[in-house]
Amino acid sequence: PEPEPEAIEEIAPVEEVAEASIPLHDLIVQLSEARFASERSAIINEMEGASYSFAIEVERVERTVGIGLSEHLKSGRSLTGNIIGDDIEVLVRMPASRNEEMEAVQGASIDVNAVVSDWNSLRKRLDLNHIE
């Protein structure tokens, strides 16, 4: 009998991430000034895969909820706060692997690398997903 081949562990694909072509402040202004949901969707689709690095002053830490979240964000924490140096509120979904660390950041600032997820029309806030 032939020996069975070793099981190959499946590795999650690495997302292709590029530096964003538009500053985060300008993106948020564009989204807040867009009159129609279709305009906002077009702007967000254009930014797909673009990353932002910034610091956030964390005001709230909450459990992440949502439909269609990637596995590493499910059961994670969401940080809400203002971008340091800019009076703009954002929400950043953090991975579940960092839950313990995230519980201690309320009231502090944290550096974040994230990609655009969606626009919260009710709160006029950009939602982003953390990337490693």
Side-chain angles (χ1 to χ4, degrees):
E2 291 183 30
E4 290 187 28
E6 290 183 34
I8 298 173
E9 187 176 322
E10 200 168 303
I11 299 171
V14 175
E15 288 183 44
E16 190 69 32
V17 178
E19 190 67 29
S21 60
I22 180 173
L24 189 56
H25 177 89
D26 295 348
L27 173 63
I28 293 170
V29 169
Q30 280 184 18
L31 289 166
S32 65
E33 291 177 350
R35 295 177 65 194
F36 303 106
S38 60
E39 289 178 65
R40 286 188 288 274
S41 292
I43 293 168
I44 288 173
N45 288 341
E46 187 178 314
M47 298 310 299
E48 187 174 354
S51 71
Y52 287 98
S53 296
F54 57 93
I56 178 178
E57 181 82 33
V58 180
E59 293 174 11
R60 281 189 318 278
V61 178
E62 302 171 331
R63 289 180 168 265
T64 298
V65 292
I67 298 170
L69 293 173
S70 60
E71 285 301 315
H72 80 284
L73 296 175
K74 287 182 181 177
S75 303
R77 298 294 180 261
S78 293
L79 310 179
T80 304
N82 288 338
I83 297 171
I84 294 179
D86 209 336
D87 192 30
I88 293 179
E89 184 181 69
V90 294
L91 176 132
V92 180
R93 295 180 190 100
M94 300 297 288
S97 62
R98 296 183 62 185
N99 280 354
E100 193 172 309
E101 176 189 352
M102 293 302 106
E103 293 298 333
V105 298
Q106 188 164 333
S109 64
I110 183 171
D111 291 325
V112 175
N113 294 317
V115 292
V116 172
S117 173
D118 53 23
W119 176 255
N120 184 322
S121 297
L122 183 62
R123 298 193 182 277
K124 294 197 182 297
R125 177 186 72 203
L126 185 64
D127 294 350
L128 301 111
N129 294 335
H130 182 268
I131 55 172
E132 295 296 330

Measuring from atom [atom1] of [X] to atom [atom2] of [Y], what distance do you get when rounded to the nearest 0.5 angstrom?
X	Y	atom1	atom2	value
I22	L27	CD1	CG	5.5 Å
L31	K124	CG	NZ	10.5 Å
I44	Q30	CD1	CD	11.0 Å
L24	S53	CG	OG	10.0 Å
I84	I110	CD1	CD1	10.5 Å
L91	T80	CG	OG1	4.0 Å

For a 4.5 angstrom cut-off between non-hydrogen side-chain atoms, does [X] reach [Y]?
X	Y	answer
L126	Y52	no
I28	V90	yes
E101	M94	no
E62	R77	no
L79	V61	yes
P95	H130	yes

For a quick test of reading the model, state the closest non-hydrogen atom pair linking [X] to [Y] and the distance between them.
X	Y	result
N99	S75	ND2-O, 2.9 Å
V115	A50	CG1-O, 3.4 Å
A114	L128	CB-CB, 3.7 Å
R35	R40	C-NH1, 4.3 Å
S117	R93	OG-NH1, 3.0 Å
E89	E59	OE2-OE1, 4.2 Å

Check for me, please, whether V116 and L73 land in the same ILVMFWY cluster - side-chain distances under 4.5 Å, paths through other members count.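 Result: no, two separate clusters.
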If Ile, Leu, Val, Met, Phe, Trp and Tyr residues are connected whenever their side-chain heavy atoms lie under 4.5 Å apart, and connections chain through other members, are I131 and L69 in the same group?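 Per the 4.5 Å side-chain linkage, I131 and L69 are not co-clustered.
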Can you tell me if [atom1] on [X] sees more than 12 non-hydrogen neighbours from other groups inside 6.0 Å?
X	atom1	value
D87	CG	no
R123	CZ	no
E103	CD	yes

Would you check, one step at a time, whether the test side-chain contact (heavy atoms from CB on, under 4.5 Å) holds for D127 with W119? CA-CA 6 Å; D127 294 350; W119 176 255; over 6 Å; no
